[in-house]
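Take a look at the structure below.
This structure is a prediction, so every number in the text was calculated from the model and none was measured. Naming convention: chains lettered A, B, ... in sequence-line order (proteins, then strands); numbering from 1 in each chain. Note that these values count all heavy atoms, side chains included, but never hydrogens, waters or copies made by symmetry.
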2 protein chains.
Amino acid sequence: MSNCNTMDIEAMAVKFKALSTPVRLKIFMELTQCCSPGASCDVERCIGDLASLVDIAPSTLSHHMKALNEAGLVDMQRDGKRILCSVNTKVLKQLSGYFNI
Amino acid sequence: MSNCNTMDIEAMAVKFKALSTPVRLKIFMELTQCCSPGASCDVERCIGDLASLVDIAPSTLSHHMKALNEAGLVDMQRDGKRILCSVNTKVLKQLSGYFNI
DNA sequence: AATACACTTCGATACATGTCGAACTGTAAC
DNA sequence: GTTACAGTTCGACATGTATCGAAGTGTATT
């Protein structure tokens, strides 16, 4: 019933930490915009594509994408030279329901 | 339509930063548990009361409560010797709807 | 093999953050 | 006024984080 057991709190805090900077939040929300309501989300964007959203060095973007991936928010996989990123829809649902009142 | 304008992103990142540690997230979620669905949330807890949820020094708790308050997540007001805290229900609604897919 | 592109890792820098104990402040009780 | 309680601020310490350029790595093209 309650959302708040210890494991949940720590796991969720990790996710909110990953979303606590404008850079990562913007990227994450951009990837979620690809998800139409009720549909499975399988639209992917490559990292170079996402770079256009933010005004930071490629190395910094790489750090941020790694942080989102390590927090479980974003999936990444190589497609030739490029790396494709997509929202982890399971985690997105988890976030979506977390503050339900 | 889109959740993601610049002001929104920065303002939300501030809130997620405030919720990015287990201590503050736990306190915030504890305060939200006082909110029944559909009802206005006017249950308040004093800081000493919240202290029982976490195993940190009173000074550290004070820092965390200040962070939650400055992020706009929690309202605080003095009631005699004690300080009463409650969730900002407007912001809670904002968080609740933010990841809607 | 050499070259190009996409992205990552390294190392450095500057700043931010979470913790504590001691000292302080605001309110209440006597 | 003094004492007690509830909570805050100060200062210090240790660790974490965001940024960058340079160097490196993986894949594709020639």
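Regarding contacts with the backbone of dC20(C), a side-chain N or O of T60(B) is found under 4.0 angstrom from either OP1 or OP2. Taking only side-chain nitrogens and oxygens, R24(A) comes nearer than 4.0 Å to OP1 or OP2 of dA18(D). OP1 and OP2 of dT25(C) both lie 4.0 Å or more from every side-chain N or O belonging to K81(B). For K17(B), a side-chain nitrogen or oxygen approaches OP1 or OP2 of dT17(C) to under 4.0 Å.
The side chain of R78(B) lies closest to dT27(C), out of dT27(D), dA18(D), dT27(C). Comparing dG7(D), dG18(C), dG21(C) by their closest approach to the side chain of A57(B) singles out dG21(C). Residue I83(A) places its side chain closer to dC7(C) than to any other of dC7(C), dA6(D), dT9(D). Between dC20(D), dG7(D), dG18(C), one nucleotide has an atom nearer to the side chain of H63(A) than all others, and that is dC20(D). Residue S62(A) places its side chain closer to dC7(C) than to any other of dT19(D), dC7(C), dT9(D).
Backbone-only engagement by I56(A) is indicated by non-hydrogen atom pairs under 4.0 Å involving sugar-phosphate atoms exclusively.
By the neighbour-count criterion of 12 heavy atoms within 6.0 Å, atom CG of D55(B) is sparsely surrounded, having that number or fewer from other residues, nucleotides or ligands.
Across the interface with DNA chain C, nearest-nucleotide mapping of S59(B) and M76(A) shows M76(A) to be the residue nearer the 5′ end.
Counting heavy atoms from C-beta on, the side chains of L31(A) and S86(A) never come closer than 4.5 Å.
Rounding to whole angstrom units, CG of residue L50(A) and P of dT8(C) are separated by 11 Å. Atom CG in D55(B) sits roughly 8 Å away from atom P in dC20(C) (whole-Å rounding). Distance E70(A) CD to dT8(C) C1': 12 Å, rounded to the nearest Å.
Using bins of under 30°, 30° to 60° and over 60° for the plane-to-plane angle, the ring pair F16(A)/F16(B) lands in the parallel bin.
Of the listed residues (L53(B), V54(B), L68(B)), just one forms a side-chain contact (heavy atoms from CB on, under 4.5 Å) with V23(B), and that residue is V54(B).
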